[in-house]
S.K.: 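One structure follows; several queries about it will come next.
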Amino acid sequence: MVEAEDLEERIRQGVGDVSHIVVKDLTGTKDHWEALIVSQSFSGKSAIEQHQMVYAALGELMAGPVHALALKTYSPESWHKQEG
Amino acid sequence: MEDTLQERIQGIIDSNDVVLFMKGTKHFPQCGFSATVVEVLRRSGSDFQDVNVLEDPDIRQGIKEFANWPTIPQLYVRGKFVGGCDIIREMYEKGELDAVLSAKES
């Protein structure tokens, strides 16, 4: 099993320049997670590339402990647009 | 991943315009995320080849390495990896999926 803080820390480290992050346990079983992440590192990257960066940051956690991870990734610009 | 598995995956992707590597089948999806993509494709009116990774452990592991993407489902259109459940649902909601599905050979 993994804790929200573990995921958050790994993502902050692996992705870098994270200005906003919310990690949520969707089912209370600590294996179905949702993460909303805003980072300068995502600027100019496709959705696939952004998600691959997050998966790379989580590494082996994605091969078992984390069964599902719903991702919402934004660059600061697209996040402000989203926020309106 | 050994070459034969890589070739087998490549063969599946090359011989179908739209391929969904999923858990279960298009008629009996066995995972919420796979079922979501099946539903999105149905609404988009797009036929597709389903590949049930639950029946093929080699493909289930190999496809993750193939796309450098650790989860299932995975959608491929005309040989190109388009995304997993989040991305496909977002593209559908933004009306971007139809363009990808119907785009002719580039």
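Naming convention: chains lettered A, B, ... in sequence-line order (proteins, then strands); numbering from 1 in each chain. Reckoned from all heavy atoms, side chains included, excluding hydrogens, waters and symmetry mates. Quick caveat: nothing in here was measured; it's all calculated off a predicted structure.
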S.K.: When you group the ILVMFWY residues by side-chain heavy-atom contacts below 4.5 Å and let the links chain together, are Val22(A) and Trp79(A) in the same group?
M.R.: yes
S.K.: Work out which heavy atom in Gln52(A) is nearest to a heavy atom in Ala67(B); give both atom names and the distance.
M.R.: NE2-O, 3.0 Å
S.K.: Quick check on Asn68(B) against chain A: is it the side chain, the backbone, both or neither that has a heavy atom closer than 4.5 Å?
M.R.: both
S.K.: Check each atom of Phe33(B) against the heavy atoms of chain A and say whether the ones under 4.5 Å are side chain, backbone, both or neither.
M.R.: side chain
S.K.: Any side-chain heavy-atom pair from Leu69(A) and Thr71(B) closer than 4.5 angstrom?
M.R.: no
S.K.: Heavy atoms only: give me the nearest Leu71(A)-Asp86(B) pair and the separation to one decimal.
M.R.: N-OD2, 2.7 Å
S.K.: Report the distance from atom CD of Gln50(A) to atom CD1 of Ile87(B), rounding to the nearest 0.5 Å.
M.R.: 8.5 Å
S.K.: Check this for me: Lys72(A), atom NZ, are more than 12 non-hydrogen atoms of other residues, nucleotides or ligands nearer than 6.0 Å?
M.R.: no
S.K.: Look at the side-chain heavy atoms of Ile, Leu, Val, Met, Phe, Trp and Tyr, link any pair under 4.5 Å apart, and say whether Met1(B) and Phe81(B) land in one connected group.
M.R.: yes
S.K.: Under 3.5 Å, is there a donor-acceptor pair between the side chain of Glu90(B) and the main chain of Ala47(A)?
M.R.: no
S.K.: Under 4.5 Å between side-chain heavy atoms, counting indirect links through other Ile/Leu/Val/Met/Phe/Trp/Tyr residues: same cluster for Leu54(B) and Ile9(B) or not?
M.R.: no
